[in-house]
Colleague: 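Sharing a structure with you now.
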Amino acid sequence: MRKLITRQMLMFEFRNIIGNPYIHIFGVGMPIMMMILICRVVTSQIPDETILANAVTSVFLGLGTMIPMATVLIGYGADHARELEKEIPLRMELFGIKVGMSLCNNIVAEMIFMSISFILYFVVGFCFVGVNTPTVGGLLIYFVCILVLSIILFGLSYAISSLLKKFGTTYCVTMLLYFAFMILGGMMGISYDTLPEGLKLIAKLLPITYINRDFYMVWNGEQYNFMPMVQAFLMLGAVSGILLFLAVKHMARKRHRRVA
């Protein structure tokens, strides 16, 4: 059996990722810039050091979710839609490179890029904005949540791009979702408490809301009720899974008609 992950394919997928300027803007530059700006505003408004440290840590952890949203949701979705538009996956299959192999290499390349982005993000956070030192358990749980969120967003991105098959349309839809998640998650200056009741119901279904609002308690080792957050992960995962199922069925029907 051929290897699912090869050095050549991994480098090919990684070059595709770093060659996308939108990922660098929205997935690396924007979270760091917003973190510094918002934390400076918070610092000027909160005199109490303990409350300030928790507020800064909450901002830091919430804005960290922008990295997988931009890298996976927008970046991968746009790249995959462009490839479908040009029928690149079909050409790769003609040379023996199956879809599964391409997906495996792409997932690993995405994880490598996100790891580098998070290292840079954490260095800036700990050096310049005074983030609380986490407990070991809090740090591990944070990265588990980011990993699960990334997997869900990957499925959502793959489904959207496979159903739309157009770069412009896919980029527009994923960008709208990116900003909608940020607004409902409380990262654009609008807190959960000030949202209308209808939007609060939607915000409750997003894991990003809980990471941005409450995760500093987990980070600090305090007791926290994980049930609402787990339910939000399951709900978003279910939506992603349904869309992914529809996308796979749609692609299978199209492949069958092409063979026939």
Side-chain angles (χ1 to χ4, degrees), residues 4-5 13 17 23 26-28 31 57-77 80 100 103-119 121-122 125 134-162 174 177-182 184-187 192 202-248:
L4 284 177
I5 299 174
E13 299 293 353
I17 295 171
I23 293 179
F26 295 105
V28 182
T57 302
S58 183
V59 171
F60 170 80
L61 296 174
L63 292 177
T65 59
M66 293 173 64
I67 296 175
M69 283 196 294
T71 304
V72 178
L73 182 61
I74 299 177
Y76 175 74
H80 188 236
L103 278 176
C104 288
N105 284 276
N106 209 307
I107 291 171
V108 174
E110 296 281 356
M111 293 301 107
I112 292 173
F113 182 83
M114 279 202 299
S115 298
I116 297 171
S117 301
F118 268 107
I119 289 172
Y121 183 76
F122 268 62
T135 62
V136 175
L139 183 64
L140 290 176
I141 294 172
Y142 181 73
F143 280 115
V144 168
C145 289
I146 292 295
L147 178 61
V148 174
L149 179 63
S150 301
I151 293 171
I152 293 173
L153 292 177
F154 189 89
L156 186 62
S157 178
Y158 182 85
I160 292 171
S161 57
S162 298
T174 54
L177 286 175
Y178 173 83
F179 283 109
F181 288 163
M182 288 179 61
L184 294 173
M187 290 183 282
Y192 171 82
I202 300 175
K204 284 181 180 179
L205 303 177
L206 298 176
I208 298 153
T209 301
Y210 300 96
I211 295 175
N212 182 63
R213 188 183 63 181
D214 303 331
F215 209 90
Y216 74 93
M217 293 191 294
V218 182
W219 186 264
N220 294 334
E222 302 173 21
Q223 287 189 340
Y224 180 70
N225 179 18
F226 284 96
M227 189 54 63
M229 186 188 296
V230 171
Q231 290 174 343
F233 271 110
L234 291 175
M235 181 60 67
L236 186 61
V239 172
S240 177
I242 291 170
L243 289 176
L244 189 59
F245 176 78
L246 294 175
V248 171

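FYI, the numbering just counts along the sequence from 1. Values below: every heavy atom of this structure, side chains too, minus hydrogens, waters and symmetry copies.
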Colleague: Under 6.0 Å from the CZ atom of Phe226, do we count more than 12 heavy atoms belonging to anything else shown?
Modeller: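 Check passes, neighbour count above 12.
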
Colleague: Using a 3.5 Å distance criterion without hydrogens, assess whether the side chain of Ser162 forms a donor-acceptor pair with backbone atoms of Ala159.
Modeller: no

Colleague: So among Leu139, Leu147, Leu140, which one has a side-chain contact (heavy atoms from CB on, under 4.5 Å) with Phe143?
Modeller: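 Among Leu139, Leu147, Leu140, the one that satisfies the side-chain contact (heavy atoms from CB on, under 4.5 Å) with Phe143 is Leu139.
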
Colleague: To the nearest 0.5 Å, how far apart are OH in Tyr76 and CD1 in Ile160?
Modeller: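 Between Tyr76 OH and Ile160 CD1, I get 12.0 Å after rounding to 0.5 Å.
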
Colleague: Nearest heavy-atom pair of Gly64 and Phe118: which atoms, and what distance?
Modeller: O-CZ, 3.4 Å

Colleague: Any side-chain heavy atom of Ile23 within less than 4.5 Å of one from Phe113?
Modeller: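 Yes, at least one pair of side-chain atoms sits under 4.5 Å.
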
Colleague: Are Thr71 and Leu153 side-chain neighbours, meaning at least one heavy-atom pair lies under 4.5 Å?
Modeller: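 They are not in contact (no side-chain heavy atoms under 4.5 Å apart), so the answer is no.
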
Colleague: Does any N or O in the side chain of Ser240 come within less than 3.5 Å of the main-chain N or O of Leu236, such that one atom is a donor and the other an acceptor?
Modeller: no

Colleague: For a 4.5 angstrom cut-off between non-hydrogen side-chain atoms, does Met114 reach Ser150?
Modeller: yes

Colleague: List the residues meeting side chain to side chain donor-acceptor pair (under 3.5 Å) with Glu13, not counting sequence neighbours, and say none if there are none.
Modeller: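 Expected list: Ser102, Asn106.
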
Colleague: Give, for atom CG of Leu73 and atom OH of Tyr158, the distance between the pair rounded to the nearest 0.5 Å.
Modeller: 16.0 Å

Colleague: Compute the centroid of each ring, for Phe60 and then for Tyr121, and state whether the two points are separated by less than 6.0 Å.
Modeller: yes

Colleague: Is there a donor-acceptor pair closer than 3.5 Å between any side-chain N or O of Ser157 and the backbone N or O of Val72?
Modeller: yes

Colleague: Taking Asn220 for the side chain and Tyr216 for the main chain, is one N or O donor matched with an acceptor at less than 3.5 Å?
Modeller: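 Here the side-chain-to-backbone pair exists.
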
Colleague: Apply side chain to side chain contact (heavy atoms under 4.5 Å, CB included) to residues Phe26 and Met69 and explain how you reach the verdict.
Modeller: CA-CA 9 Å; Phe26 295 105; Met69 283 196 294; over 6 Å; no

Colleague: Output the distance between atom CD1 (Ile141) and atom CD1 (Ile211), rounded to the nearest 0.5 Å.
Modeller: 11.5 Å

Colleague: With rounding to the nearest 0.5 angstrom, report the CD to NZ distance, Gln231 to Lys204.
Modeller: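 The NZ atom of Lys204 is 10.5 Å from CD of Gln231, to the nearest 0.5 Å.
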
Colleague: List the atom of Asn212, the atom of Gly185, and the distance in Å for their closest heavy-atom pair.
Modeller: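 Between these two residues, the closest heavy atoms are ND2-O, 2.8 Å.
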
Colleague: Provide the closest heavy-atom pair for Phe233 versus Ile152 in the form atom of the first, atom of the second, distance.
Modeller: O-CD1, 3.6 Å

Colleague: Can you check whether Met66 reaches Tyr178 side chain to side chain, under 4.5 Å on heavy atoms?
Modeller: yes

Colleague: Which heavy atom of Ser58 sits nearest to which heavy atom of Arg213, and what is that distance?
Modeller: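 Shortest heavy-atom separation between Ser58 and Arg213 comes out as OG-O, 4.0 Å.
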
Colleague: Output the distance between atom CD1 (Ile208) and atom CG (Leu149), rounded to the nearest 0.5 Å.
Modeller: 5.5 Å

Colleague: Which atoms form the tightest heavy-atom contact between Gly138 and Thr135, and what is the distance?
Modeller: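 Looks like N-OG1, 3.0 Å.
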
Colleague: Using side chain to side chain contact (heavy atoms under 4.5 Å, CB included), reason through Tyr210 and Val218 one step at a time and then give a plain yes or no.
Modeller: CA-CA 11 Å; Tyr210 300 96; Val218 182; over 6 Å; no

Colleague: What's the separation between atom CG in Asp214 and atom CD in Glu222, rounded to the nearest 0.5 Å?
Modeller: 11.0 Å

